[in-house]
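Along the sequence shown, residues carry numbers from 1.
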Amino acid sequence: MVAGSVSNEILSAVAPERLWKAIVKEDSTSLMPKLLPDLISSIVIVEGDGGVGTIRKSNFSPVMKEFNYWKDRVDAIDDQKHVFKYSVIEGGLIGKKVKSTSFELKFEPATGGGSLCKFCAEFEPIDDNLPTEDITKEIMGGMTGMFKAIEGYLLENPEAYA
C-alpha cells in the first residue's frame with residue numbers, strides 16, 4: 001500500500017512554551033471543547049496519565065458528517081524539542097478510508113518571541129488510491145483551524161499558560 005502525508009507550517013506570535021502547555025501538556029482536554037464547541041463535544045482520557053501510551057477519546061458534534069468520535073494514542077512527547085506525536089487507533093476515518101493515521105506537532109522558536117508551528121499528518125489508505133488534493137487540504141485546514149482557535153485565545157489572554 002502507498003502511504004500519504006500532508007503537512008503545513010504556520011508562523012505564530014505565541015511563544016512555543018505557551019502553545020506547548022495549552023495544546024499538549026496542561027489543558028487540551030478541556031480547552032479544545034471550550035474553544036471549538038461546534039466541532040468538539042468533549043475529550044476524555046480513557047487510559048493513562050497524559051504521557052506516552054495515554055488513550056484519549058475525542059467526541060465530535062453532529063457537524064462532523066463522516067464520524068462522531070475517534071480514539072487516539074499518545075506515541076511520543078518531547079518536552080525539550082516540543083514535539084508531540086499521536087495515532088488514531090479507533091473511529092474517525094479508520095476502517096472507512098484509511099488503515100492508519102498519525103499526527104506530529106512541533107513548535108520551534110521564531111524571531112520576535114513567536115513560534116514556527118509544524119503540522120504533519122501521515123496516513124495509509126485502505127486501497128492504493130491516495131486521497132485527492134481537496135481531501136488533504138481539508139485535513140490540513142481542520143488542523144490549522146483548531147490551531148488558530150487556540151492561538152487566538154492565547155493572544156487574547158496573555159496570562160493564560162504563561
Looking only at atom types and distance, does a side-chain atom of [X] sit under 3.5 Å from a main-chain N or O of [Y], one as donor and one as acceptor?
X: Lys118; Y: Glu104; result: no
X: Arg18; Y: Ala160; result: yes
X: Lys21; Y: Ala162; result: yes
X: Ser12; Y: Val14; result: yes
X: Thr101; Y: Val88; result: no
X: Asn68; Y: Phe60; result: no
X: Asn157; Y: Glu159; result: no

Nearest non-hydrogen partners of [X] and [Y], listed with the distance:
X: Tyr86; Y: Val74; value: CB-CA, 4.1 Å
X: Ser58; Y: Ile43; value: OG-CG1, 3.8 Å
X: Ala22; Y: Ile150; value: CB-CG2, 4.2 Å
X: Ser28; Y: Pro33; value: O-CD, 3.9 Å
X: Ala15; Y: Ser115; value: C-OG, 3.2 Å
X: Ser5; Y: Glu122; value: CB-CG, 3.9 Å

Working to the nearest 0.5 angstrom, can you tell me the gap between [X] [atom1] and [Y] [atom2]?
X: Glu108; Y: His82; atom1: CD; atom2: NE2; result: 11.0 Å
X: Lys71; Y: Arg56; atom1: NZ; atom2: CZ; result: 13.5 Å
X: Ile89; Y: Ser102; atom1: CD1; atom2: OG; result: 13.0 Å

Path from [X] to [Y] over hydrophobic side-chain contacts below 4.5 Å:
X: Leu36; Y: Tyr161; value: yes
X: Trp70; Y: Val46; value: no
X: Val83; Y: Leu19; value: no
X: Tyr153; Y: Phe119; value: yes
X: Leu105; Y: Ile77; value: yes

Do the non-hydrogen side-chain atoms of [X] and [Y] ever get within less than 4.5 Å of each other?
X: Glu90; Y: Lys57; answer: no
X: Thr29; Y: Val44; answer: no
X: Phe123; Y: Phe103; answer: no
X: Phe107; Y: Lys81; answer: no
X: Asp75; Y: Val52; answer: no
X: Thr54; Y: Arg73; answer: no
X: Asp79; Y: Lys25; answer: yes
X: Ile23; Y: Phe147; answer: yes

Among side-chain atoms of Asn8 and Thr144, is any donor-acceptor pair under 3.5 angstrom?
->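 Short answer, yes.
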Check the side chains of Ser42 and Asn59 for a donor-acceptor pair under 3.5 angstrom, ignoring hydrogens and angles.
->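 Looking only at side-chain atoms, Ser42 and Asn59 do form a donor-acceptor pair, the distance falling under 3.5 Å.
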Establish, yes or no, whether the cationic atom of Lys106 lies under 6.0 Å from the six-membered ring centre of Phe84 and within 45° of the ring axis.
->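 Output no; distance or angle outside limits.
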Yes or no on side chain to side chain contact (heavy atoms under 4.5 Å, CB included) for Leu93 and Val98, after CA distance, side-chain angles and deciding distance?
-> CA-CA 6 Å; Leu93 297 176; Val98 296; 4.0 Å; yes
